[in-house]
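Values below: all heavy atoms of this structure, side chains included; hydrogens, waters and symmetry mates excluded. Sequence lines set the chain letters: A, B, ... in the order given, protein chains first and strands last, and positions in each chain run from 1.
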Amino acid sequence: MFDNNVFIENSCKNVTEHGVVTGYELQTHITYYRGIPMSMVDNIRVEEDGNEVERPAIRISTDKTDWFTLDEAETVTTYKWEYGEPLFIRVMKEKGLCPGKHTIKLTIATRTAYIPVPLTGIREETVFI
Amino acid sequence: MSGIKTCVSLYSLQDEYLNKRMGFLEIMKFLKDNGVEGFEILPDQMLHGAPHLSDETLKMWDTAIAETGLKPVIADIFLNTNLYKNRTLTKKECVDLLVDEVKMAKRLGIPLLRLVSMVPGYVLESLLPYLEEYQVTVALEIHAAMAFDIPQTRDFVAEMKRLDSPYIGLVIDTGIFCRKFPRVTKEYSIATGVNPEIFEYIEDVFAKGKDMHMIKNENHGKYPADFTKLLKTELDHMFAATADGYENLPYEVMDEHLPYIKHFHFKLYEMIADVKEVLPTPEEMLPNPLEYSMKYDEILKYLDSKGYTGYVSTEYEGNRFTLPGHPMREKEQVLAHQNYIRMCLKEIMSSKLDLG
């Protein structure tokens, strides 16, 4: 239902830290119509060229300063993912994505206050590095 | 003279906001420029940090109110009972969160808070002293699939009646009065891969004066076998989980609750022009406006006959059923709906004058 919100176009790129490529980053809007504390991010899945990224390799941030694993984020209530603002997602991977064309599929699920099942949005993008 | 007043929920313009085509102030000016008098806001949507607003956000709010003169009618708030994945919030935690929302409403000059459906009635007694102190009213949303018949709403209504305070009431979402299943939902779902036969079934149900929530209730809370046999894929099942979110109730279901009704969400899926069923053009108002699923002339006549004098708020939800790559028509739909409501109210007034 909120598929349109998932995966901000042209946001996927490799991340360089201290001169070393440590992974890649992408951005998404929220699969909901309001902002929520980070603890209400129910799940995030990244599929890279048909292969599911392992959950511990994923980090998320609302400010690009403080990053959390998905397990850590479950207790993060004072950082709010605002409606209209991106969530930054990093996949920790030595050397990042290799140059060329990739297919990245992003799944975002958020818990709402009143619907028993999380609101999920999915979008697949072709990415050029 | 009808005392019914109109406003627009900013929920209606959420895609404009999300994709930064319009900011909060621009949305407010758009409403003002088009003769809208009041507005409804979801603080969690357009006021960063809500309910703990920064000086910067408060300044933006004050500027918007001063520059447009629009009346803040109501704020839609949520209770994150599932803030944590491993447990539900306690009653004390729930009340504490709601008190913060009440304080925010007071600062913003908003007299009414819509509590999202499923807010437990047991918070009310502890919350009431704060409502009285800050003179802010809370009202539970009565929404399709979560309307008067579910246990959580029944509990809330019972507690509301027991406490019998002017600071506690209800908001009615007119999605409980769908006379046809929304066409935009059907078209979006089929385009994304849902089995079209599902919609033939649902449309037949509506044609018989029923809805999928009713069908479930008649079958001990489950969809009947002749419907479930149409659910062939995971996508079909995902759609079916929300297919009961459009009810087809008689207006009289409101009769016993009228003294408690504080506000209405006038749900809008799709404005159409009479029987041609075409979308409005941005350039002109519709000559014979109608909403595809709900009959607002009937709803407004009912409310006027019962002496309702509160606000009715345009809440456009067709935006979420816009296919990728298709134009988003939020502004056009909102204005067409406001035009439709105004025409209905004008007709009610004219008929009273004729009778007089």
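Taking the side chain to side chain contact (heavy atoms under 4.5 Å, CB included) definition, one finds that Asn86(B) meets it with Tyr84(B), sequence neighbours left out.
Both the backbone and the side chain of Lys85(B) come within less than 4.5 Å of a heavy atom in chain A. Contacts between Ser189(B) and chain A at a heavy-atom distance below 4.5 Å are absent for every atom of the residue. Of the atoms belonging to Ala241(B), not a single heavy atom falls under 4.5 Å from chain A. Contacts of Leu79(B) with chain A are made by backbone atoms alone, with heavy-atom separations under 4.5 Å and no side-chain atom involved. For Phe239(B), no part lies near chain A; criterion is any non-hydrogen pair under 4.5 Å. Only the side chain of Met146(B) comes within contact range of chain A, with heavy atoms under 4.5 Å apart. In this structure, chain B has no heavy atom under 4.5 Å from any part of Thr120(A).
Interface summary for chain B: among Glu85(A), His29(A), Arg34(A), Lys80(A), the most heavy-atom pairs under 4.5 angstrom belong to Arg34(A). In terms of heavy-atom pairs under 4.5 angstrom with chain A, the leader among Leu83(B), Thr81(B), Leu323(B), Val116(B) is Leu83(B).
Summarising the local packing, CD of Glu17(A) is surrounded by more than 12 heavy atoms from other residues, nucleotides or ligands at distances under 6.0 Å.
With respect to the salt-bridge test (charged N to carboxylate O, under 4.0 angstrom), the residues Glu40(B) and Arg114(B) do not qualify. Ion pairing between a basic and an acidic side chain is recognised when a charged N comes within 4.0 Å of a carboxylate O; Asp96(B) and Lys92(B) show such pairing.
Using cut-offs of 30° and 60° for the angle between ring planes, the Phe199(B) and Phe181(B) rings count as tilted. Below 30°, between 30° and 60°, or above 60°: for Phe321(B) and Tyr188(B) the angle between ring planes is above 60°, a perpendicular geometry. Relative orientation of the Phe266(B) and His337(B) rings is perpendicular, given thresholds of 30° and 60° on the angle between their planes.
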